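Before any comments, here is the structure.
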Amino acid sequence: MTLVAAAATSASVFAQDKVLNIYSARHYQTDEVMYNTFTKTTGIRINRVDADDAGIVARLKAEGAASPADVVLLVDAARLALADSQGLFQPIRSAKLDAAIPAHLRAPATPAGVTWTGFSTRARVIVYDPLRVKAADVATYEQLADPKLKGMVCTRSGSHPYNLSLFATMVDRLGDERGEAWLKGVVANMARAPKGGDTDQIKAVASGECAVALTNTYYAARLLKSDKREDKTIMEKVRVVFPNQGTSGTHVNIAGAAVARHAKHTDAAVQFMEYLASPFAQDYFANGNNEYPTAKGVVVDNPALKAMGGDGFKSDQISLGVVAKHMTKVQQMLDRVGYR
Ligand code: FE
């Protein structure tokens with residue numbers, strides 16, 4: 001074998017080296033098993049860049065066509081939709097994903113395929129103080145604007161993706177005029193200006209500063225699972241309601257993934273997305289953050305989620321694609337009604 005041929009051979013071996021580059025905004029201990037098992041079964045080595053959602057989007061933009069990213073993991077439909085609208089993803093076709101994941105938890109399908117796919121869901125629930133509020137008065141999101149709750153409601157910033165996504169589904173259902181009136185009503189009911197994260201809202205209900213708040217289920221689950229006495233006390237003082245059980249169902253959002261626009265290992269990227277829909281990976285992906293699996297027929301056992309009473313709750317089946325459609329409009333509504 002000549003030197004040239006040897007060099008050519010090793011170069012082609014290197015090119016075929018099975019690698020997958022993942023940019024991830026999710027980092028939980030349990031994820032390691034999920035990644036390692038993928039590598040063991042496929043021989044595809046995973047390089048991971050961990051950053052927060054904003055950091056990943058900024059990095060993808062800065063790197064442009066030179067980006068090594070193959071798969072992008074982000075949290076919340078609003079963030080996925082925004083990154084999608086900025087051309088950071090590419091549509092893929094996968095019969096396995098089409099069969100496994102409900103269409104309303106994915107980006108709208110186009111002839112070219114689907115960009116982002118949700119691999120876990122979290123419900124946006126209402127937490128309330130049973131000493132001040134009756135369950136019947138917080139049974140729906142619509143009631144958050146009822147004057148009955150004046151001075152009682154706490155939320156994080158209206159512009160936070162978790163709220164933007166919920167509000168987009170509300171505006172889609174109520175229409176623009178009634179949707180904006182609802183937002184205005186929520187602002188009128190606030191106990192304080194929006195601040196903090198979801199856990200802070202739960203704490204504020206427990207401390208009596210607020211009587212009603214919005215939170216994602218996994219924050220409540222974390223407090224339920226906490227070893228700290230103070231966290232347990234917080235959850236003993238509040239009640240959790242899965243809203244709109246008699247109507248549209250409780251709003252759920254997703255953590256999801258997409259193949260990066262300039263992916264160099266597209267086949268491996270699609271393979272990894274399909275792996276995330278498998279029962280094995282679903283268990284780690286969902287349970288790692290106390291979330292619910294998205295793949296049809298997959299059930300995970302999570303005592304904290306069960307304790308919250310949401311087992312088998314009715315979830316809103318609206319396509320999360322509406323989030324993308326209404327995001328700018330909802331942000332303008334928030335500005336008009338003074339929802340900071
Ligand atoms: Fe969160």
Side-chain angles (χ1 to χ4, degrees), residues 121-158 160 162-174 178-224 233-253 290 292 304-318 334 337 339:
T121 62
R122 60 282 298 283
R124 197 132 182 85
V125 292
I126 294 175
V127 168
Y128 70 97
D129 178 351
L131 301 177
R132 293 171 66 192
V133 179
K134 288 195 216 92
D137 291 334
V138 286
T140 67
Y141 298 112
E142 285 81 352
Q143 285 171 293
L144 294 176
D146 189 320
K148 233 183 196 177
L149 300 181
K150 192 154 188 67
M152 293 189 183
V153 177
C154 282
T155 73
R156 72 193 305 161
S157 165
H160 189 278
Y162 299 165
N163 282 335
L164 276 184
S165 295
L166 167 64
F167 299 165
T169 66
M170 292 296 287
V171 166
D172 192 82
R173 209 160 255 135
L174 297 171
R178 284 171 60 214
E180 184 164 337
W182 176 73
L183 287 168
K184 198 174 178 179
V186 175
V187 172
N189 281 344
M190 281 182 182
R192 65 174 187 201
K195 65 171 180 182
D198 283 358
T199 304
D200 297 310
Q201 316 309 317
I202 304 174
K203 288 180 177 171
V205 172
S207 76
E209 188 180 6
C210 327
V212 179
L214 280 171
T215 182
N216 284 351
T217 33
Y218 58 86
Y219 292 110
R222 272 181 211 164
L223 292 174
L224 280 171
T233 305
I234 288 166
M235 289 309 291
E236 282 162 13
K237 285 185 176 168
V238 306
R239 297 288 177 274
V240 175
V241 164
F242 284 73
N244 295 44
Q245 288 303 288
T247 56
S248 50
T250 300
H251 169 70
V252 295
N253 211 312
N290 297 304
Y292 307 96
L305 292 178
K306 276 207 181 112
M308 234 182 285
D311 228 21
F313 72 92
K314 177 185 177 185
S315 66
D316 191 349
Q317 304 287 303
I318 197 168
L334 293 174
V337 304
Y339 198 145

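Residue numbers run from 1 in the order of the sequence given. All values derive from a computational prediction rather than experimental measurement.
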Stepwise side chain to side chain contact (heavy atoms under 4.5 Å, CB included) test for R122 and Y292: CA-CA 6 Å; R122 60 282 298 283; Y292 307 96; 5.6 Å; no
Criterion side chain to side chain contact (heavy atoms under 4.5 Å, CB included) on L305 and Y218, from CA distance to verdict: CA-CA 8 Å; L305 292 178; Y218 58 86; over 6 Å; no
Derivation of the side chain to side chain contact (heavy atoms under 4.5 Å, CB included) call for L164 and L334: CA-CA 9 Å; L164 276 184; L334 293 174; 3.8 Å; yes
Stepwise side chain to side chain contact (heavy atoms under 4.5 Å, CB included) check, L223 with I202: CA-CA 9 Å; L223 292 174; I202 304 174; 3.9 Å; yes
Ring pair (Phe, Tyr, Trp, His ring centres under 6.0 Å) between W182 and Y141, intermediate numbers included: CA-CA 9 Å; W182 176 73; Y141 298 112; 7.4 Å; no
Step-by-step side-chain hydrogen bond (donor to acceptor under 3.5 Å, both in side chains) determination, T215 to Y162: CA-CA 9 Å; T215 182; Y162 299 165; over 6 Å; no
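Rounded to the nearest 0.5 Å, atoms OG (S207) and CG (D129) are 9.5 Å apart. Residue L214 holds its CG atom at 6.0 Å from CD1 of I126, rounded to the nearest 0.5 Å. Between K195 atom NZ and D200 atom CG the span is 8.5 Å, to the nearest 0.5 Å. Between atom CG of residue D316 and atom OG of residue S248 there is a gap of 5.0 Å, rounded to the nearest 0.5 Å. Remark: H251 NE2 to T169 OG1 distance equals 5.5 Å, nearest 0.5 Å. The line from CD of E142 to CG of L144 is 8.5 Å long, rounded to the nearest 0.5 Å.
Scored by the side chain to side chain donor-acceptor pair (under 3.5 Å) test, D172 finds H326 as partners (sequence neighbours excluded). Legend: residues meeting side chain to side chain contact (heavy atoms under 4.5 Å, CB included) with R239, ordered by chain and number and at least two apart, are Y128, P130.
For the residue pair T140 / Q143, a side-chain donor-acceptor distance below 3.5 Å is found, with atom types taken as modelled. Defined by atom type and a distance below 3.5 Å, a donor-acceptor pair is present between the side-chain atoms of R124 and N163. No side-chain donor from either of T199 and Q201 sits under 3.5 Å from a side-chain acceptor of the other.
Checked by atom type and distance alone, the side chain of E180 never pairs as donor or acceptor with a backbone atom of R178 at under 3.5 Å. A donor-acceptor pair is defined here as one N or O able to donate and one able to accept, closer than 3.5 Å; such a pair exists between the side chain of T250 and the backbone of P243. Distance alone, capped at 3.5 Å, is enough to place a donor-acceptor pair between the K314 side chain and the T247 backbone.
Shown here for A213 and V205, the closest heavy-atom pair between the two residues is CB-CG2, 3.6 Å. Taking every heavy atom of both residues into account, E209 and A191 meet most closely at O-CB, 3.6 Å. For the residue pair A123 and F313, the shortest heavy atom distance occurs at CB-CZ, 3.8 Å. In plain terms, the two heavy atoms of A304 and L224 that are nearest each other are O-CD1, 3.6 Å. Between M308 and A221 the shortest heavy-atom distance is CE-N, 3.5 Å. Residue P194 comes nearest to Y339 through the heavy atom pair CG-CE2, 3.9 Å, listed as atom of the first residue, atom of the second, then distance.
A salt bridge links R156 with D198; the closest basic N to acidic carboxylate O contact falls under 4.0 Å.
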Which atom pairs, one a donor and one an acceptor, fall under 3.5 Å between side chains of residues 146-154 and the rest of the protein, sequence neighbours left out?
{"residue": "D146", "atom": "OD1", "partner": "K148", "partner atom": "N", "Å": "2.8"}
{"residue": "K148", "atom": "NZ", "partner": "D137", "partner atom": "OD1", "Å": "3.0"}
{"residue": "K150", "atom": "NZ", "partner": "A188", "partner atom": "O", "Å": "3.2"}

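Within the 4.5 Å cutoff, side-chain heavy atoms of M235 are placed close to those of V240.
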